[in-house]
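Report on the structure given below.
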Amino acid sequence: RLLRGGTLQERAGSDLFCLCLLEKPPLVISSAPVLRGCHLAIPSHRTAVQAWVESLRHYDDRHVGLADLHPDVFAVMPRVDILHTVAVWQRNYKRISYAKVKTRAEVRGGGKKPWAQKGSGRARHGSIRSPLWRGGGIIHGPRGPTSYYYMLPMKVRVLGLKVALTAKLMQDNLHVVDGLDMPTFDPQYLADLAQYRRWGQSVLIVDVNKMPENITKAAASLKTITLVPALGLNVYSLLKYETLVLTLDTLAFLEEKLLWHDSRYTALYPFHLPYSDFP
Amino acid sequence: MGTLLQLARWGLLGRSLSLVQTARSLHCGVSSWIHVKLPPEPKEVDRWTEKRALFGVYDNIGILGDFQVHPKDLITGPRWLQGWRGNELQRCIRKKQFVGHRMFDQDYKNLNKRIRFLYRRFNRTGKHR
């Protein structure tokens, strides 16, 4: 409830947001903007792409600073075919189809010849479970649990991530946030913030570090706003969710992980075994 | 739906108003009503269940996580099929290797019959042998 000039106003749910709207925005404590430069070397013929750094502390904190993003991760060629390849791979590689039908050998019964070969006037048959019969076996049906597993080359999967991140940035669906600190754990605050800043119908929030409690509680009850650790970033989710929200630490993490593949030696043995020069 | 905020919440949650299918009847003439069957209504699918919202998460755990885990370790299913693919004969042989020792009697015999049949089919008949 909001008490204003003697009248009682009831607002279902969004009291705190209401309060934020009606009061003046709080004074910014540190007026220095957050500037994030790219930690890894950028090729000399390219320049960094930039994005605003926002904050979740106030509903209108949209210009806290500026972040430089590496062009070889956030400004690659928009390869839609690679996006399709990687998304289809994600859908299928873990698919196991459990469809199975019995062949004439597995259907119960049908060992005996139903009637003599000649003399009865009926068509000749050897078993009542042949595929011609009702209740008989199926010849070319699905057989047993089938797996559709395959792996795309590592560099294709990496490039898919880069293209997806590029697409999000170029289509104004990428937002960089300095941290996931929220003033309340009210899910309504998060939903209204996303709606006010025109983030879209669905938001994917990615962070490397452990997420604060407020935002975990808020996103737990929301269907279309999801928190995901940085290890869980993938092309399918980027295509499903309209907006992507990254923290500054996640940017550094992603750039480091994705750029390494541009200039690595080919694997002589799988990477999960120890290498002397790669930690 | 009252206020703008409530409308937005409705939209964010992705709900839709459901239409009730009513069977129509045409009246033609004096006493005969023809029952017109309408096509079935498309079933309402919730695109934001937990499974659908989190589909594909951790598929890049190898690339983004120091290669200690491979995405094939995430696959749940029969153990002889996790992170492996083969045609029917290969699948039968692999199943026999993994779980043949503890299968039921009739299933084991059917598996052996199938392996025998497929071996002969693939290696002795047709153009490719």
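Side-chain atoms are counted along with the backbone in the values below, which use heavy atoms only and exclude waters and symmetry mates. So that the names make sense, note that chain A is the first sequence line, chain B the second, and so on, each numbered from 1.
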Please flag which part of [X] lies under 4.5 Å from any non-hydrogen atom of chain B: side chain, backbone, both or neither.
X: A/Tyr93; result: both
X: A/Leu231; result: both
X: A/Leu161; result: side chain
X: A/Pro229; result: side chain
X: A/Tyr149; result: both
X: A/Ala230; result: backbone
X: A/Arg95; result: neither

Quick one: [atom1] on [X] to [atom2] on [Y], what's the gap to the nearest 0.5 Å?
X: A/Ser147; Y: B/Lys72; atom1: OG; atom2: NZ; value: 11.5 Å
X: A/Leu222; Y: B/Trp48; atom1: CG; atom2: CH2; value: 12.0 Å
X: B/Arg85; Y: A/Tyr148; atom1: CZ; atom2: OH; value: 8.0 Å
X: B/Lys113; Y: A/Glu106; atom1: NZ; atom2: CD; value: 7.5 Å

Quiz prompt | Greatest number of heavy atom pairs closer than 4.5 Å to chain B - which of A/Thr146, A/Leu204, A/Val158 | solution =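 Of the candidates given, the most pairs with chain B belong to A/Thr146.
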
Quiz item: Can you name the residues that form a ring pair (Phe, Tyr, Trp, His ring centres under 6.0 Å) with A/Tyr269, not counting sequence neighbours?
Solution: A/Tyr275

Is the shortest side-chain heavy-atom distance between [X] and [Y] below 4.5 Å?
X: A/His272; Y: B/Val69; answer: no
X: B/Arg114; Y: A/Arg143; answer: yes
X: B/Glu50; Y: A/Lys223; answer: no
X: B/Phe55; Y: A/Ser237; answer: no

Quiz item: Does the pair B/Asp59 and A/Arg157 meet the rule for a side-chain contact (heavy atoms from CB on, under 4.5 Å), with working shown?
Solution: CA-CA 10 Å; B/Asp59 280 349; A/Arg157 286 177 273 139; over 6 Å; no

Exercise. Please look at B/Thr76 and chain A and tell me whether the side chain, the backbone, both or neither of the residue comes under 4.5 angstrom of a heavy atom of that chain.
Key: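 It is the backbone, since no side chain atom gets that close.
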
Practice problem: Taking side chain to side chain donor-acceptor pair (under 3.5 Å) as the test, write out the residues that go with A/Thr226, two or more places apart. | Solution: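 Partners of A/Thr226 by the side chain to side chain donor-acceptor pair (under 3.5 Å) criterion, ordered by chain and then number, come out as A/Tyr241.
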
Exercise. Begin with the C-alpha distance, continue with both residues' side-chain angles, and end with the deciding distance and a verdict on side-chain contact (heavy atoms from CB on, under 4.5 Å) for A/Phe271 and B/Gln68.
Key: CA-CA 8 Å; A/Phe271 282 122; B/Gln68 294 314 308; over 6 Å; no

Quiz prompt | Whether B/Asn60 side chain and A/Leu233 backbone form a donor-acceptor pair below 3.5 Å | solution = yes

Quiz item: Mind checking what makes salt bridge (charged side-chain N to carboxylate O under 4.0 Å, His left out) contact with A/Asp72, not counting sequence neighbours?
Solution: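 Result, salt bridge (charged side-chain N to carboxylate O under 4.0 Å, His left out) vs A/Asp72: A/Arg46.
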
Do other residues, nucleotides or ligands put more than 12 heavy atoms under 6.0 Å from the [atom1] atom of [X]?
X: A/Tyr98; atom1: OH; result: yes
X: B/Arg129; atom1: CZ; result: yes
X: B/Arg121; atom1: CZ; result: no
X: B/Tyr119; atom1: OH; result: no

Exercise. Looking only at non-hydrogen atoms, find the nearest pair between B/Val57 and A/Asn234 and report the distance.
Key: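 What the structure gives for the nearest pair is CA-ND2, 3.4 Å.
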
Quiz item: Where do A/Lys257 and B/Asp66 land on the salt bridge (Lys or Arg N to Asp or Glu O under 4.0 Å) test, with the steps shown first?
Solution: CA-CA 9 Å; A/Lys257 292 289 178 184; B/Asp66 283 345; 2.8 Å; yes

Quiz prompt | Most chain A-contacting option - heavy-atom pairs closer than 4.5 Å, from B/Thr49, B/Leu81, B/Leu74 | solution =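 That would be B/Leu81.
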
Practice problem: Apply the test side-chain contact (heavy atoms from CB on, under 4.5 Å) to residues B/His70 and A/Met151: give CA-CA distance (whole Å), side-chain angles for both, the deciding distance (0.1 Å), then the verdict. | Solution: CA-CA 11 Å; B/His70 192 281; A/Met151 289 305 284; 3.5 Å; yes

Practice problem: Identify the residues of residues 86-93 of chain B whose heavy atoms come closer than 4.5 Å to a heavy atom of chain A, ordered by number, or report 'none'. | Solution: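 Listed by number, the contacting residues are B/Glu88, B/Arg91.
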
